Amino acid sequence: MTTIRLHDTKTKAKKELQPVTPGKIGMYVCGPTVYDRAHIGNARPVVIFDVLSRLLREVYGAQNVTYVRNFTDVDDKINAKAAETGRSIGDITEETIGWYLSDMGALGNAEPDHMPRATAYVGQMIAMIEELIAKGHAYAAEGHALFDVKSDPDYGSLSHRNLDDMIAGARVEVAPYKRDPMDFVLWKPSDDDTPGWDSPWGRGRPGWHIECSAMARDILGERFDIHGGGIDLAFPHHENEAAQSRCAHGHDDMASIWMHNGFLQVEGEKMSKSLGNFLTVQDLLEKGYPGEVIRFVLLSTHYRAPMDWTDRAAKEAETVLRKWRTATEGVEPSAAVPASVLEALADDLTTPRAIAALHALADPAELLAGAQVLGLLLPGMGAWTEGPEAGDAATLIEALIVARAEARKAKDFAKADAIRDAFAAAGVVVKDTAEGAVWELSPEFDATKLEGVE
């Protein structure tokens with residue numbers, strides 16, 4: 001069996017994946033808070049952990065992998081959106097979940113095995129809070145339940161921060177009911193206009209961190225293999241999750257390996273609405289970027305590194321994918337994923353190296369099998385290459401190559417040179433080989449530069 005090694009945030013090192021339950025893998029990835037459209041940065045972890053899920057299923061068997069990604073559907077941001085729009089919370093969350101699943105599906109992501117909604121697990125959250133209070137790791141105060149950070153000697157071990165640093169750098173709420181400024185909310189009161197549930201501490205709602213701890217435990221158990229999300233979640237969300245679960249269950253950690261992906265920029269700048277470069281997945285799809293192209297760009301940078309979304313990268317991805325789809329047309333994937341691709345992914349999900357391995361494959365069936373474990377060249381994802389523009393351009397390029405050959409044969413060098421210059425201006429790279437001319441499109445391809453060439 002292929003050995004998978006993944007970078008663990010807690011130990012700052014690659015760790016061999018050794019299943020908590022032999023032969024079985026459990027993975028929990030933090031999903032969205034559902035009140036608005038997902039932006040391209042939100043899509044990055046979805047694509048990354050979808051690839052990891054595909055790798056795990058390839059190595060361990062699909063039936064032996066359980067992938068969980070939640071929806072946070074109770075949150076103050078959702079409450080604020082409802083107050084601002086006059087719409088019900090239920091309408092907002094249902095609509096947003098529909099958007100999210102549609103957008104992520106357009107990028108070639110399979111749906112996880114479980115997609116729990118926080119509101120369906122409030123009972124489990126209350127039970128876990130009661131356990132923490134009984135064990136001296138939490139306390140009730142003025143309708144709240146709070147986690148006692150100083151009761152956990154390992155607090156900070158995931159994000160590698162000490163308490164003084166955390167207090168200095170965190171936006172902590174200083175409240176009279178807290179024993180310590182760093183203590184965080186497990187349960188808080190709700191007024192008549194806010195969603196709430198009955199609890200031992202009064203009518204209220206859960207804090208964000210307890211939601212994931214309770215859902216992960218209910219579906220995957222007290223200990224599981226991989227917990228993932230964006231690097232922005234490492235502190236405080238994942239630090240707090242780890243502390244709650246560790247103290248409730250008495251284990252060293254809830255997850256054997258913690259994985260975090262890096263931030264995303266747009267054209268070299270931080271993405272923000274004020275800069276006018278805030279891109280939702282829907283924005284990109286509506287601008288004509290195919291979902292498969294978006295996915296390729298997101299996988300072109302190693303998941304732990306910061307990445308830059310650029311128009312140039314998208315054009316380069318489009319060129320490569322067109323070439324691969326042409327090469328694999330009508331082909332069935334090989335039974336086994338090529339070893340070079342599998343080895344790259346098993347080494348901390350090194351997708352750039354896996355893509356490089358795909359470029360080196362000569363066999364179309366192997367290319368297809370290797371690409372599909374990355375979620376590329378999937379059936380139903382290639383319609384964007386079949387439009388009239390793509391077909392017309394290919395037909396025109398082939399006709400011009402024939403015309404160039406005929407002009408050379410007739411010693412009409414002016415015409416042959418004119419076609420050569422048109423190819424260069426349009427971004428068509430033509431290479432003459434012993435078997436004839438072969439061509440591909442550069443990232444700067446512009447079909448209009450071929451118009452009128454004869």
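What you see below is based on every heavy atom in this structure, not just the backbone, and it leaves out hydrogens, waters and symmetry mates. Everything numeric in this text was worked out from a predicted model, so none of it was measured.
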* To do: For side chain to side chain donor-acceptor pair (under 3.5 Å), just list the numbers for D50 and Y67, CA-CA rounded to whole Å, side-chain angles, deciding distance to a tenth of an Å, and then say yes or no.
  => CA-CA 9 Å; D50 179 72; Y67 174 20; over 6 Å; no

* Let me see the working for M271 and H39 under side chain to side chain contact (heavy atoms under 4.5 Å, CB included), right down to the final yes or no. => CA-CA 10 Å; M271 185 170 60; H39 58 67; 3.3 Å; yes

* Asked: Would V47 and N109 satisfy side chain to side chain contact (heavy atoms under 4.5 Å, CB included), going step by step from the backbone distance to the final call?
  -> CA-CA 6 Å; V47 170; N109 298 297; 3.8 Å; yes

* To do: Show your reasoning for whether salt bridge (charged side-chain N to carboxylate O under 4.0 Å, His left out) applies to D76 and R205.
  => CA-CA 10 Å; D76 289 345; R205 60 198 189 279; 2.9 Å; yes

* **L321 and L377: CA distance, side-chain angles, deciding distance, side chain to side chain contact (heavy atoms under 4.5 Å, CB included) verdict** => CA-CA 8 Å; L321 288 168; L377 306 188; 4.2 Å; yes

* Please walk me through it: do K81 and D75 pass salt bridge (charged side-chain N to carboxylate O under 4.0 Å, His left out)? -> CA-CA 10 Å; K81 184 73 172 279; D75 186 87; over 6 Å; no

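Between the side chains of Y303 and D348, a donor-acceptor pair is found at a separation under 3.5 Å. A donor-acceptor contact under 3.5 angstrom links the side chains of D283 and T280, judged on distance only. In this model, a donor atom of one side chain and an acceptor atom of the other lie less than 3.5 Å apart for S88 and D91. Side-chain contact check for D311 and Y289: at least one donor-acceptor pair (N or O, by modelled atom type) lies under 3.5 Å. Inspection of the D225 and S256 side chains reveals no N or O donor paired with an N or O acceptor under 3.5 Å. Between Y177 and H144, the side chains place a donor N or O and an acceptor N or O closer than 3.5 Å (distance only, hydrogens not considered). Side-chain contact of E267 with T310: a donor-acceptor pair under 3.5 Å is absent, judged by distance alone. The closest side-chain donor-acceptor pair between Q244 and S213 falls under 3.5 angstrom. Side-chain contact of E292 with W384: a donor-acceptor pair under 3.5 Å is present, judged by distance alone.
Remark: the backbone N or O of S159 is paired with a side-chain donor or acceptor of E239 at under 3.5 angstrom.
Between N64 and G23, the shortest heavy-atom contact is CB-O, 3.2 Å.
Under the side chain to side chain donor-acceptor pair (under 3.5 Å) criterion, H249 pairs with R217, not counting sequence neighbours.
Remark: E332 CD is loosely packed, at most 12 non-hydrogen atoms of other residues, nucleotides or ligands lying under 6.0 Å away. Sparse packing is recorded around NZ of K323, with 12 or fewer heavy atoms of other residues, nucleotides or ligands lying under 6.0 Å away.
Using a 4.0 Å cut-off between charged nitrogen and carboxylate oxygen, R69 and E111 do not count as a salt-bridge pair.
The side chain to side chain contact (heavy atoms under 4.5 Å, CB included) test with M307 singles out one residue from L299, I40, L298, and that residue is L298.
Note: H137 and F147 have parallel aromatic rings, judged against thresholds of 30 and 60 degrees for the angle between ring planes. Using a 30° and 60° split on the angle between ring planes, W258 and H238 fall in the tilted class, from 30° to 60°. Ring planes of W201 and W187: tilted class, angle from 30 to 60°. Below 30°, between 30° and 60°, or above 60°: for F184 and H209 the angle between ring planes is above 60°, a perpendicular geometry.
Atom CG in L233 sits 6.5 Å away from atom NE2 in H260 (nearest 0.5 Å).
Because its NZ or CZ atom is both nearer than 6.0 Å to the ring centre of Y139 and within 45° of the ring axis, R179 counts as a cation-pi partner of that residue.
Counting only heavy atoms from C-beta outward, the side chains of N70 and T72 approach each other to under 4.5 Å.
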